[in-house]
Each structure stands twice: as structure tokens, then as C-alpha cells.
Number of protein chains: 2
Amino acid sequence: MSQLPTVVDVGRVAGVSRQTVSNVLNSPGLVKPATRERVEAAIAQLGYRPHASARRLRTQKSSTLGIRLDPMQNGISGAVLDRFLHALTEKADQRGLRVMLFTALDPEDEIRQFKRLRDGADVDAFVLTATFHGDPRTEWLIENNVPFVTFGRPWGIDDMNDPRHLWVDVDGWSGLHEATGHLLGEGRLRIAYLGWPRPSGTGDDRRRGWRDAMESDGRLSAAELDALDLSTVDGVAQGREALQALLDSGTPVDAVVCASDSLALGALLAVGADIPVIGYDNTPVAEAVGLSSVEQPLDEVAAGALELLLGPTGGEIVGWSSSSTDPRHRLVTPHLVMRERSAITGVR
Amino acid sequence: MSQLPTVVDVGRVAGVSRQTVSNVLNSPGLVKPATRERVEAAIAQLGYRPHASARRLRTQKSSTLGIRLDPMQNGISGAVLDRFLHALTEKADQRGLRVMLFTALDPEDEIRQFKRLRDGADVDAFVLTATFHGDPRTEWLIENNVPFVTFGRPWGIDDMNDPRHLWVDVDGWSGLHEATGHLLGEGRLRIAYLGWPRPSGTGDDRRRGWRDAMESDGRLSAAELDALDLSTVDGVAQGREALQALLDSGTPVDAVVCASDSLALGALLAVGADIPVIGYDNTPVAEAVGLSSVEQPLDEVAAGALELLLGPTGGEIVGWSSSSTDPRHRLVTPHLVMRERSAITGVR
DNA sequence: TACTGCTGTTTGATCGATCAAATTGCGGTG
DNA sequence: CACCGCAATTTGATCGATCAAACAGCAGTA
């Protein structure tokens, strides 16, 4: 007992050869229906499972994605990566792929890990998060012909449409545009934007969403908008200070939209309950304190990443050269989650 | 070019056979030093990496740990699991192990995944989080002789010392005991405990830490302690309400210690800036708002889990039957992180 | 009859490593 | 000098699957 069954065992029970069993699993179309049923019955009877390592050795494919787990994302928003990771694992599972983790100290070290995992045939594609301009990682992957997809668009103009660079991203512009529009629709006029210092790919994109919504509303002048456009590094205390400074300057504020939940929480502490604040990322904290926020549909992001990598249905990683008509990237639209702010309301 | 080098290639360059190369990698003691150096030079020159799948096929070991990524931990504290995951990945890397993720809908489904991953030789040990009394998962793993370790002690009395059940946990009693002691040392007397409803393994353990510290202080009666002992389901709003109710009842409170950062944040909102509050888990939120908290040393937990599984140094998973003198579990002591509460102070 | 074309199935070789057994070299001993 | 024991290294077999090519069976065609 106890020895796991192999294709040979299944073949013996079903009265066919190894290869036929293999065909039932991998190319069912080749096998006569009657035979296929017999084999399938034998598989069920023996509880046969293909031996992943043996298959990988032969096919030189691991059916595994590698993803770097960051040492600790910046404060509150780290949760976003984790939710993405979960969504990715789930979607990958559905396609028969596994997700393997690794850590790295810096981009160079990460490249070293790429090499290690690729050479050991541990993974056959990578999912990257948080790419930046002139990222050495994507360059290396492209040069070495390793399939990958990034969560986050490449912010350099050249890279953006490089067909070898697959990417998925959330449309921050749209998120802030919607949030701002919602507040305008509620009759708020002087809506401030609390974001990060320029230049910041994601940050500037979100800022643009706010600004465009405000400009198409048209009631505030460019100068007035400039006054409502705040920048500070991410953090609750920083957000609070930035907004406090604005209020102290005497500028009236009807509402605030933010580039992150950390900033939003800070803003909330500064403005109190009567002025609506909308954050970004819809982190657990936002939910906990009842803060409205822009939710990134990470399920869609994960599904999109896999679709770019594998095509709409497949479970085979073929690399960027598959079909030149396939889409190369996908922009996912976030949506607004409005809340009553019950937990913090009434604090002051 | 482009074909990855194999043991044969390395052997050719070094002027030895495959097996000698293999020995250099796996049993260096068998190889004459001079030969070993030649082989190592060849390995470096060719950039040789052993093919993980080939090795696994032969040895029937995957050098991979499986861990379930939960659908979304309860609110704020989800971050704890994520930090553990990171620590685990890092420590596993150091021992040449990989971490593979999977998802499951419920314990039964998780067992199905165990089977799948084990049969496919994808992983050879599992790390479980959040075990509960009479957990079918640990039972299945024990019965089927699959090595595993849990983060979280089994709360059933029988299971606690089952030598086949390896576990690591954080000493919540000690964490609350220290937090309470710290506040007592600062001259606070009427320290409330805000925790979860009984019965809760972790929750009751933490409560006991507070209670023991208060009792050995001795200045409050049992009845007074009972009045300061609060229970509510986890959440910011719930924590705030529970504490508000206590204050409304006229009971004076000098400080609050909590079973979670969510509850602590709620408490903080209820009591304001002058009364110190200490949370649990030291989540990013606690850091963001400047809340004191009990930090779980997840590095130690992860390292401990691997040590139980593999022994102090090894990279081989041997299962629970290794040596009967090895330790079966480990209790890690958390430590207090005190903060000034700069972000929330002054809100009221 | 012999030959072609097709479908369904089987056999031989292979992926890259390790295990187990065989082999070589060599100093020591009766 | 033949032989033993030991250390260092090599050779043959194997892990479980898939690929590539061969093969059997059968219909259609000349």
C-alpha cells in the first residue's frame, strides 16, 4: 500500500497503455470516448493524481507563478498588496496554477531571485507589483524572455506600449473623477485634493482625476483649484497637518478627496464629522472607522493579469510572443464605496 | 546556447562524473577537497543551478511549504497573518525552502487541497493558522502522516501536548500582563480590559494576563475587576460603544488594555487623549494613529515554526517522528510598543 | 491485391537529478 | 606477492510523466 498510483497503474486497471492515460488528461480529443470513460473511471477508482514534478521535468513548465512578497508595504496600504495576493492565488487556482512566494532585499536581489527560480524551473512566470520608471527588473525579464505581468503600468512613456510588457492597472483617474463627481452631485463645491508630492505616477494620475472633474464643473478658477491641491508624504499625521494648514489659512473647504486612506484618516481627524472625506484603497481601516473610499477591484486585476499571461481560457504560459493581436494591458475601473462614518462621527 | 547546464555539463567541465557533482552539492564530505573545488569552480563558471523538479522527482521531496491564504482576515488584524506570511517566506528562503499558497473555502475544502498538493508532490509540509478545537484539518494531517506545524496552539486540553501536533504561539497572557504592569507602574490603578466574548482561546488567555496582573497588584476587589472586564465582538465601533457604556455607568477608568487594535482604536475614540490605551498586534493602523500596542514577534514565530518542522539547522522535512526528544512546541513572548499617540491626541 | 489515408493506441526515448551498486586506486599486512 | 580494507569516483537504474515516432485496424480507391 501507500505507493501513489502512476499512469502505469491507471493504464493497467483500464486496460490501456500509459500514453493513453496521459492523453485522456492532456488531449482528450485524441481518445475514443469509450476508452476515455474507462480511463476516467480508473483514475477515480485509484484516486490518481498526476505527479507535478514529473510532469514539470518532462514539459519544462512549472505551472507556477512567482510573486515577491514585500518586506512591508507603506503602512495602511500594505493591505492592498495582500488582497491582491489573495485574489491572484484564487484565480490562479482556478486555472490550475500555483503561486509561489519569494522575498528580495532590493531590485537587484530580486533579479537574482528571478534567475534562481527560473533556472530551477520553479516558476515559469512572474507577477510584479510596484514598478517604477526605468525598472531594471522588467528590463531583465524582457531581455531574458521570461514571461511576466505587472500590477501597475510602467510610467515611462516609452514602456507604456511596449508589447513585451504586459500590465494591468487600476484607473486612479477614474476613481478620483467619480469620487469628486459624487461630492459635486451632493452640492459640495470647494472640494480639496489631498495627495502625494509630484512626480508620482499613481499620485498624479489620481490628482488629474480630481482636477478634471473640478474643471468640467467649472465653477472654481484655476487659482482656486491650485489652493485646494495639497501634497504631502503618505501618513495619517501628515494628512492631518496638511489639511489643518489649509483650514488655518482660511480657505473654505466643503469636502476632501484623497490619494490614500492614510491621508484620508488624517484629513478626517482635521475636518471633523461635517465635511465628507473620501479615501482610496478601501482598506480595513476605512471599513473599521466608516470612512468612504475608492475600492480597487483586485479580483478583476488578478483575473486580468492571468488573462494577459495565459489568454482568456488557457492554463499554459506561452510568453509575450503568443499572438500579436492579443491585448497587452488592461485598465480596470475602481468604484466608490460610500459609508456613513459612524465610528468617527461625533469625536470632536 | 540557452540550454541550461546540467550536472553532466558541470561534470564535463570539471573532468568528473555526474554523481560527483551531485555529491559536491549534497554530501560534500564524500568528495576530496581538491575535486570539490574544481567542481565548485565549474558550477560557478557555468552558472549551474540544480533543476528543482528533477530533484523532487527523484527524492520525492518538494522542499516546499504550503500555507493557506485566508479569504480575508477579520478587519484590521488581517495584517498579522500577512506579516507572518512574510516572515515565514523569508525564514524559509534561508533554509532553501519555498512557500506555496493555496486557498480554500472551508476546512473540508482545505483538506481536499492538502490531498491535492501532497499527492502532486507539490509540498511536503503545511503551515496552518487559526486552528480551533477538534479541528478536522489537524486530525487529517496526523492520520495521514503529513508533516505540519500550526501558528496558534490547539485549545483543546488533549491536543495541547499531542506529540504529533507541532505548534508555535505567542504568549498573549504575557503580552497583556506586561501591558497592564506597565500602566500600573505609571500609577494607573483602574485599568479596564476590553476583549472578546468567552469562550475564546486567545481572548481568554489575554484576559487572564490582565487579570493576573491586576490581582497581584491587589488594590482592586474582584467585583471591581469584574466591572472593568469588558467583552464585545471585534470592531472599532463595538469597542467604542463598550467603553462608552462603561464610562456612562459612572465607573472611573484610568487606562484600557485591549485584545486587538480594532477594539483599542474604538476605546481611544471613546476615552480621548488623557487616558492611555494599549492595543494588541501592533498593526499598521496602530502605528499610523500613534497607538501603543503589543507587538507579536512574527519573525520568531516563523523561525520557531521552521525549527520545529526541520530541526535547528536542517533543510529536510522529516515529520514528527524525527527524534522524540525534540521540542514539540514553542511559546514566544511578545513585547510592548509604547507610543505618544500624536495623531489622535487633541481630537476631542 | 496493393496502396493511401486516417484514427486510435502503443512503444522507445527522454527530461535532470539521485540512489544503489560497482569500480578504481592505494597503503598496509600476513 | 597476493589480498584486504577503505576512500574516492564512476556506472547503471530509476523517479513519473510526456514527446515523437511507430504501429494496428479499417475504409476507400485504383
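Here is the naming used below: chain letters follow the sequence lines, and residue numbers restart at 1 for every chain.
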Just distance, no hydrogens or angles: give the donor-acceptor pairs under 3.5 Å from side chains in residues 33-42 of chain B, sequence neighbours left out.
from	atom 1	to	atom 2	distance (Å)
Arg36(B)	NH1	Pro28(B)	O	3.1
Arg38(B)	NE	Ala14(B)	O	3.0
Arg38(B)	NH2	Ala14(B)	O	3.3

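Contacts of residues 27-42 of chain A with DNA chain C (heavy atom under 4.0 Å): Leu30(A), Val31(A), Lys32(A), Thr35(A).
Between dG16(D), dT10(C), dG16(C), one nucleotide has an atom nearer to the side chain of Ala54(A) than all others, and that is dG16(D). Nearest nucleotide to the side chain of Arg55(A), out of dT18(D), dT9(D), dA17(C): dT18(D). Of the candidate nucleotides dT10(C), dA17(D), dA17(C), dT10(C) has the atom lying nearest to any side-chain atom of Ser17(A). In this structure, of dA17(D), dT10(C), dG16(D), it is dT10(C) that holds the atom nearest to the side chain of Thr20(A). In this structure, of dT18(D), dT11(C), dG16(C), it is dT18(D) that holds the atom nearest to the side chain of Ser22(A).
Atom CZ in Arg56(B) sits about 13 Å away from atom P in dA17(C), given to the nearest Å. The CG atom of Asn26(B) sits 15 Å away from the C1' atom of dA20(C) (whole-angstrom rounding). For the pair Leu57(A) CG and dT18(C) C1', the computed distance is 12 Å after rounding to whole Å. Between Leu25(A) atom CG and dG16(D) atom P the separation is 16 Å, expressed in whole Å. Whole-Å rounding puts the Lys61(A) NZ to dC19(D) P distance at 10 Å.
By the 30° and 60° cut-offs, the orientation of the rings of Phe126(B) relative to Phe114(B) is tilted.
In this structure, OG in Ser22(A) is found 10.0 Å from CG in Leu30(A), a value given to the nearest 0.5 Å.
In this structure, Val8(B) reaches neither bases nor backbone, as no heavy-atom distance under 4.0 Å exists between it and the strands shown.
Side-chain nitrogen and oxygen atoms of Gln60(A) include at least one within less than 4.0 Å of the OP1 or OP2 phosphate oxygen of dG16(C). Not one side-chain nitrogen or oxygen of Asn23(B) sits closer than 4.0 Å to the OP1 or OP2 atom of dT9(D).
In the helix from dT1(C)-dA30(D) to dG30(C)-dC1(D), the end axes, each obtained as the rotation axis mapping the C1' atoms of four pairs onto the next four within a five-pair block, lie 80° apart to the nearest 10 degrees.
Classification of Glu300(B) and Arg330(B) as a salt-bridged pair fails, no side-chain N sitting under 4.0 Å from a carboxylate O. Salt bridge status for Asp122(A) with Arg56(A): absent, with no side-chain N to carboxylate O gap under 4.0 Å.
When the salt bridge (charged side-chain N to carboxylate O under 4.0 Å, His left out) test is applied to Glu110(B), the partners found at least two apart in sequence or on another chain are Arg68(B), Arg137(B). Under the rule for a salt bridge (charged side-chain N to carboxylate O under 4.0 Å, His left out), the partners of Asp109(B) that lie at least two apart in sequence or sit in another chain are Arg112(B).
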Would you tabulate the nitrogen or oxygen pairs shorter than 3.5 Å linking the protein to nucleotides 12-14 of chain C?
from	atom 1	to	atom 2	distance (Å)
dG12(C)	N7	Arg18(A)	NH2	3.0
dG12(C)	O6	Arg18(A)	NH2	2.3
dA13(C)	N6	Arg18(A)	NH2	3.2
dT14(C)	O2	Arg58(A)	NH1	2.8

Audit row: His86(B), Lys91(B), side chain to side chain contact (heavy atoms under 4.5 Å, CB included) steps and yes/no: CA-CA 9 Å; His86(B) 183 269; Lys91(B) 300 290 176 187; over 6 Å; no
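Side-chain atoms of Asn144(B) do not come within 3.5 Å of backbone N or O of Val146(B) as any donor-acceptor pair. Ser62(B) places a side-chain N or O within donor-acceptor distance of the main-chain N or O of Asp124(B), the cut-off being under 3.5 Å.
Between the side chains of His165(B) and Glu139(B), not a single donor N or O lies within less than 3.5 Å of an accepting N or O.
Scanning both residues, Asp169(B) and Phe151(B), for their nearest heavy atoms gives OD1-CE1, 4.1 Å.
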